[in-house]
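Numbers for residues simply follow the sequence, beginning at 1. As the structure lists them, so they are numbered: ligands from 1, and atoms in each ligand from 1.
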Amino acid sequence: MLRLLPMPRFGRIALAGRPNAGKSSLLNAILGTHLSLVSPKAQATRLPVSGILSDDDSQIVFVDLPGLLEPAYLLQKSMLHLALDGLRTADIVLFLHPAPEAPAPVFAELVPEAPPFKAELITVYTKGDMVTAARREELKATALVTSVSSQRSIDYLVAQLRAKLRPGEFQFPADDLATQPMKFFVTEYLREAAFDALEDEVPYAFTAEVDEYREERKPVYIRATLYVERESQKGIVIGHGGATLRRIGSHARARLEALLGEPVYLETWVKVLPRWRRSAAALARFGFPPTPEEAN
Ligand SMILES: Nc1nc2c(ncn2[C@@H]2O[C@H](COP(=O)(O)OP(=O)(O)OP(=O)(O)O)[C@@H](O)[C@H]2O)c(=O)[nH]1
Ligand SMILES: [Mg+2]
């Protein structure tokens with residue numbers, strides 16, 4: 001008997017909003033995997049992280065963007081540029097705003113630099129568990145409300161989004177979860193660990209680069225260099241007797257093992273790269289595309 005398959009549907013959905021709104025947490029809750037780095041400290045996401053959600057007849061690429069901010073230095077300019085680009089290339093933009101800080105501002109006022117974009121804009125109040133049930137009901141009358149601890153709220157959001165997808169072919173194999181290479185996630189989880197273990201300016205001056213990735217070895221062998229901007233920060237990252245560096249390494253290793261499903265040996269070194277956040281060459285090396293001003 002001939003079975004009529006439904007027409008496949010595809011969409012790119014951007015997760016946008018101010019720093020710390022809960023974008024990365026929502027991506028992870030939607031995927032059911034800790035793919036994107038999360039931190040209570042703002043501006044954790046620097047490069048967009050894409051996660052793929054497929055079912056029998058639809059595929060959604062969710063793009064977790066850097067927070068929309070007023071840039072003060074080149075890294076932040078690049079982050080803003082990447083966030084704006086993410087808006088431009090999305091079919092749907094979810095504007096995430098924390099429920100305790102509702103109502104959300106007008107999105108266009110948040111990003112005066114944003115060129116007009118074609119995507120439908122949907123407001124989502126995040127951290128719904130941080131307000132009373134009565135307040136949640138009030139907010140639900142005007143927008144979607146999610147909480148990463150409520151699977152129901154996540155399922156409901158995804159169902160609403162699936163219903164909005166347009167016909168289109170899958171762009172990725174149905175069982176792919178991410179579009180970026182494992183090396184990218186090594187850096188991200190080391191950065192997450194740094195946000196967790198370090199205070200003040202240090203996590204912001206911190207980045208990482210993978211020097212060697214040997215997946216044929218058992219355990220998988222990874223060597224990475226951790227960069228900070230000053231000698232004093234290097235001492236802080238290493239910590240007393242190397243304790244902080246060990247903590248950073250084991251946090252990142254646990255995340256990588258969970259994602260890979262196999263044991264990892266992670267070796268880390270710490271170096272100083274002065275003012276890398278303000279250096280176009282350093283940023284290019286760490287995977288940031290040139291901002292439009294630089295490109296001109
Ligand atoms: N209570 C509660 N906390 C949440 C929820 N979602 C996110 N958070 C917390 O909010 C903080 C920021 O979360 P992130 O997901 O890193 O936020 P983000 O928008 O990606 O932040 P940037 O990458 O810095 O722009 C973290 O401490 C999360 O644990 C939620 O639904 N409920
Ligand atoms: Mg984030």
Side-chain angles (χ1 to χ4, degrees), residues 13-51 62-72 75-87 90 93-102 104-105 107 110-111 122-133 135-136 139-140 143-158 178 180 184-185 187-207 251 255 277 288:
I13 302 185
L15 307 183
R18 286 185 178 140
N20 205 244
K23 301 175 292 296
S24 303
S25 302
L26 186 64
L27 178 82
N28 295 346
I30 289 169
L31 299 176
T33 304
H34 194 107
L35 186 68
S36 197
L37 88 167
V38 167
S39 173
K41 302 184 179 93
Q43 296 180 41
T45 304
R46 292 175 183 159
L47 288 163
V49 179
S50 295
F62 287 95
V63 188
D64 171 24
L65 298 174
L68 297 160
L69 45 67
E70 287 268 352
L75 169 62
Q76 291 182 330
K77 277 192 188 140
S78 185
M79 288 160 62
L80 178 62
H81 162 63
L82 286 162
L84 297 180
D85 209 48
L87 300 177
V93 171
L94 299 187
F95 172 26
L96 272 51
H97 191 79
E101 293 159 38
F107 188 70
L110 201 71
V111 271
I122 300 175
T123 302
V124 178
Y125 288 116
T126 55
K127 313 188 190 186
D129 54 299
M130 292 179 75
V131 298
T132 62
R135 180 65 174 143
R136 262 198 310 279
L139 293 174
K140 277 184 193 167
L144 289 156
V145 182
T146 59
S147 162
V148 294
S149 53
S150 158
Q151 189 58 43
R152 248 178 88 185
S153 74
I154 304 298
D155 292 345
Y156 183 73
L157 170 72
V158 170
Q180 287 148 305
F184 173 76
F185 293 102
T187 300
E188 291 299 276
Y189 297 147
L190 283 165
R191 294 205 310 103
E192 181 178 72
F195 270 93
D196 185 52
L198 308 168
E199 295 304 323
D200 304 319
E201 194 58 13
V202 191
Y204 295 97
F206 179 104
T207 196
H251 176 117
R255 287 265 188 262
R277 284 179 288 171
F288 293 86

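Counting heavy-atom neighbours within 6.0 Å of F107 CZ, excluding the residue itself, gives a total above 12.
In this structure, the separation between CG on L68 and CE on M79 is 10.0 Å, given to the nearest 0.5 Å. Atom CG of L82 and atom CG of L87 lie 11.0 Å apart (nearest 0.5 Å). Distance check: L96 CG to T123 OG1 gives 9.5 Å after rounding to the nearest 0.5 Å.
Contacts of Y204 classified as ring-ring contact (aromatic ring centres under 6.0 Å, His included), with partners at least two apart in sequence or in another chain: F195.
A heavy-atom distance below 4.5 Å is found between the side chains of F185 and L35.
For the pair S153 (side chain) and S150 (backbone), a donor-acceptor distance under 3.5 Å is present.
Shown here are the protein N/O/S atoms lying under 2.8 Å from the Mg ion (ligand 2), water excluded: S24 OG, T45 OG1.
Side chain to side chain, Q76 and E70 fail the donor-acceptor criterion of an N or O pair below 3.5 Å.
Residues lining ligand 1 at a heavy-atom distance below 4.0 Å are given as P19, N20, A21, G22, K23, S24, S25, V38, S39, P40, A42, Q43, A44, T45, G67, K127, D129, M130, S147, V148, ordered by chain and residue number.
Annotation: salt bridge (charged side-chain N to carboxylate O under 4.0 Å, His left out) contacts involving residues 24-47, sequence neighbours excluded, comprise K41-E199.
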